[in-house]
Amino acid sequence: MKRIAIIGGGVSGLFCAITLLQSENAPQVTIFEKMNRVGKKILVTGNGRCNITNENADKIERFYGENPTFPKYVLESFTPNNLIDYLAENGLILRKENDKYYPFSEQAGTVLDFLRLKCEILGANILVDKKIEKIIQRNGRFIVNNQEFDCVVIACGGKSSPHLGSDGSGYELFKSFNHTITPLLPAITQIKTENQFTKQLKGIKADANLSIFVNNKLIRRDFGQILFADYGISGPPAFQLSAIAAKNYNNNCYVSLDFMPKFSVEQVKKQIQKIIANPFTYPLKAENLLTLLLNKRLGQVIVKSCEININQDVYELSEAKIAQIAEKIKDFKLKVTGVNGFNNAQITFGGAKTDEFDSKTLQSKIVKNLYACGEILDVNGDCGGFNLQWAFSSAVAVARAINGENND
Ligand SMILES: Cc1cc2nc3c(=O)[nH]c(=O)nc-3n(C[C@H](O)[C@H](O)[C@H](O)COP(=O)(O)OP(=O)(O)OC[C@H]3O[C@@H](n4cnc5c(N)ncnc54)[C@H](O)[C@@H]3O)c2cc1C
């Protein structure tokens, strides 16, 4: 019987074990996990609710890496629907919110319990408190922790949120086999910006279109809820754009917020003029000019950013000043100064270079019977269930390959 070592007991490692063990020719599987229990990161995903997948998580354009088409085969071979059906057949049903899926219980612990207990019932040998720092290759076999294996799967995750286990040590294992690690950046994290205004808005949430520009070129735009903080901005659109910010913050990089994306500048201007012509309070002061349109504090900060004294009467505002306010609502620029680091990041952008792996089996092209799955590879998805889907899909690809089920 084949003996398989899986290094890392996160989603990808656990699901790889389950898929291996559910096969007719199930091998012997040992999972080595460095923490005192498996799957710690799962518990914090989706704010404790685990956004397990997304209806668009088989769309290649929502994934990034040096070779953007690399994940295509794997994602299409085990799609979000395949995952949803598999889980449902096994009793774990999901609920859908917009395009995102969560366990019906709305508890990430449900997903962890399912994966951990399923591994146990199928007979996986789970060894915790076992950080693997060395893998020896001898006569075509591998020695891990003094035990011999036919195949090794490295599923150690990236280096983001290291307190949850993924400290980057998996990259060192790959390097010891002469694999290349592409440059690593924190991603799906908060964006640091000049903070004169964001400090004043600390704790405020506002829906906006967030666009990121590098050298005055629009790179990406995303809509959603922005959360202002001392250091800059957070919230789903900031997370989505954070890898671009991390790569380019030294490169004349700024974000622009559009707080009324469905209105043109001209329409916003007309709306402000209407408010001035029909005051809801008298005298109407600048501090209340935008109260009917936006979050009150946000409105005041926008007015202040146009160098207007918020105590002045709005009737004294020139046409040009009103136009400037409308433009600020549509294009509130903040210079990007960086991103929060790996400690706060949800994923790591970059990883084991995908050109060095077979795109169907995820087997190393350098070392036979060595595999990678999950975030350790240079495959990074958008925020919203994409990265967990990659962890599941890549786990299945590896397990099928080892079991001889997807070798063309
Ligand atoms: C706060 C937060 C929220 C998130 N929310 C979502 C979400 O809602 N939806 C989504 O799709 N994605 C989310 N993600 C991203 C997602 O959790 C990861 O992409 C996914 O868990 C990666 O799975 P993995 O198995 O590859 O790695 P990991 O989950 O990181 O697991 C790797 C495991 O390997 C172990 N390990 C590492 N090195 C060694 C070693 N040398 N020896 C032995 N064991 C080792 C680690 O302890 C860990 O248990 C979130 C991430 C964070 C941090």
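Numbering of ligands and ligand atoms starts at 1, following listing order. Residue numbers count from 1 along this sequence.
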(request) Give a yes or no on whether the backbone of Glu66 and the side-chain of Asp378 come within a donor-acceptor separation of less than 3.5 Å. (result)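 At least one qualifying donor-acceptor pair exists.
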Indicate yes or no: does an N/O atom of [X] lie under 3.5 Å from an N/O atom of ligand 1?
{"X": "Lys131", "answer": "no"}
{"X": "Ile132", "answer": "yes"}
{"X": "Met35", "answer": "no"}
{"X": "Glu375", "answer": "yes"}

Atom indices of ligand 1 within 4.0 angstrom of [X] heavy atoms, with elements:
{"X": "Lys130", "result": "42 (N), 43 (C)"}
{"X": "Gly157", "result": "26 (O), 27 (O), 30 (O), 32 (C)"}
{"X": "Gly165", "result": "37 (C), 46 (C), 47 (O)"}
{"X": "Phe386", "result": "11 (O)"}
{"X": "Gly374", "result": "26 (O)"}
{"X": "Ile7", "result": "42 (N), 43 (C)"}
{"X": "Ser169", "result": "38 (N), 39 (C), 40 (C), 41 (N)"}
{"X": "Phe32", "result": "43 (C), 44 (N)"}

(request) Can you label the angle between the Phe15 ring and the Phe78 ring as parallel, tilted or perpendicular, going by 30° and 60°? (result)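 Answer is tilted, since the angle falls between 30° and 60°.
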(request) Would you please classify the geometry between the Phe197 ring and the Phe332 ring as parallel, tilted or perpendicular, with 30° and 60° separating the classes? (result)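 Rings of Phe332 and Phe197: perpendicular, as their planes differ by over 60°.
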Ligand 1 versus [X], non-hydrogen atoms closer than 4.0 Å: side chain, backbone, both, neither?
{"X": "Ala155", "answer": "backbone"}
{"X": "Ile347", "answer": "side chain"}
{"X": "Lys41", "answer": "side chain"}
{"X": "Ser161", "answer": "side chain"}

Suppose we measure from [atom] to each protein heavy atom; which comes out shortest, and what is that distance?
{"atom": "atom 37 (C) of ligand 1", "result": "Cys156 O, 3.4 Å"}
{"atom": "atom 24 (P) of ligand 1", "result": "Ser12 OG, 3.5 Å"}
{"atom": "atom 9 (N) of ligand 1", "result": "Asn51 O, 2.9 Å"}
{"atom": "atom 34 (O) of ligand 1", "result": "Gly8 CA, 3.1 Å"}
{"atom": "atom 35 (C) of ligand 1", "result": "Glu33 OE1, 3.3 Å"}
{"atom": "atom 50 (C) of ligand 1", "result": "Gln346 OE1, 3.6 Å"}
{"atom": "atom 16 (C) of ligand 1", "result": "Leu388 CD2, 4.0 Å"}
{"atom": "atom 1 (C) of ligand 1", "result": "Val44 CG2, 3.6 Å"}

Atom [atom1] of residue position [X] - does it have more than 12 heavy atoms of other residues, nucleotides or ligands inside 6.0 Å?
{"X": "Lys285", "atom1": "NZ", "result": "yes"}
{"X": "Ile121", "atom1": "CD1", "result": "no"}
{"X": "Glu307", "atom1": "CD", "result": "no"}
{"X": "Tyr231", "atom1": "OH", "result": "yes"}

(request) Could you please spell out the steps behind the ring-ring contact (aromatic ring centres under 6.0 Å, His included) verdict for Tyr254 and Phe213? (result) CA-CA 5 Å; Tyr254 66 89; Phe213 291 81; 5.0 Å; yes
With a 4.0 Å cut-off on heavy atoms, does [X] reach ligand 1?
{"X": "Lys40", "result": "no"}
{"X": "Gln389", "result": "no"}
{"X": "Ser160", "result": "no"}

(message) Please evaluate residues Arg220 and Asp382 with respect to the criterion salt bridge (Lys or Arg N to Asp or Glu O under 4.0 Å), reporting the C-alpha separation (whole Å), side-chain torsions for both, the decisive distance (0.1 Å), and the verdict.
(response) CA-CA 12 Å; Arg220 190 169 170 188; Asp382 272 338; 3.0 Å; yes
(request) Taking salt bridge (charged side-chain N to carboxylate O under 4.0 Å, His left out) as the test, write out the residues that go with Glu172, two or more places apart. (result)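 Expected list: Lys175.
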(request) May I ask you to check if Arg95 and Tyr102 form a cation-pi contact, with NZ or CZ under 6.0 angstrom from the six-membered ring centre and within 45° of the axis? (result)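 Geometry flag: not set, cation outside 6.0 Å or 45°.
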(message) Check for me whether Lys159 meets the cation-pi criterion with Phe342, that is, NZ or CZ under 6.0 Å from the six-membered ring centre and within 45 degrees of the ring axis.
(response)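 Yes, a cation-pi geometry.
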Flag for [Y]-[X]: side-chain donor and acceptor within less than 3.5 Å:
{"X": "Thr79", "Y": "Asn81", "answer": "no"}
{"X": "Asn288", "Y": "Thr291", "answer": "yes"}
{"X": "Asn36", "Y": "Lys40", "answer": "yes"}

(message) Please determine whether side chain to side chain contact (heavy atoms under 4.5 Å, CB included) holds for the pair Phe142 and Asn369, giving the CA-CA distance in whole Å, both sets of side-chain angles, and the decisive distance to 0.1 Å.
(response) CA-CA 9 Å; Phe142 300 90; Asn369 294 328; 3.8 Å; yes
(message) Just to be sure I'm reading this right: ignoring hydrogens, which of Asp167, Leu377, Thr45, Val144 gets closest to atom 17 (O) of ligand 1? Compare them by their nearest heavy atoms.
(response)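 When every heavy atom of Asp167, Leu377, Thr45, Val144 is considered, Thr45 comes closest to atom 17 (O) of ligand 1.
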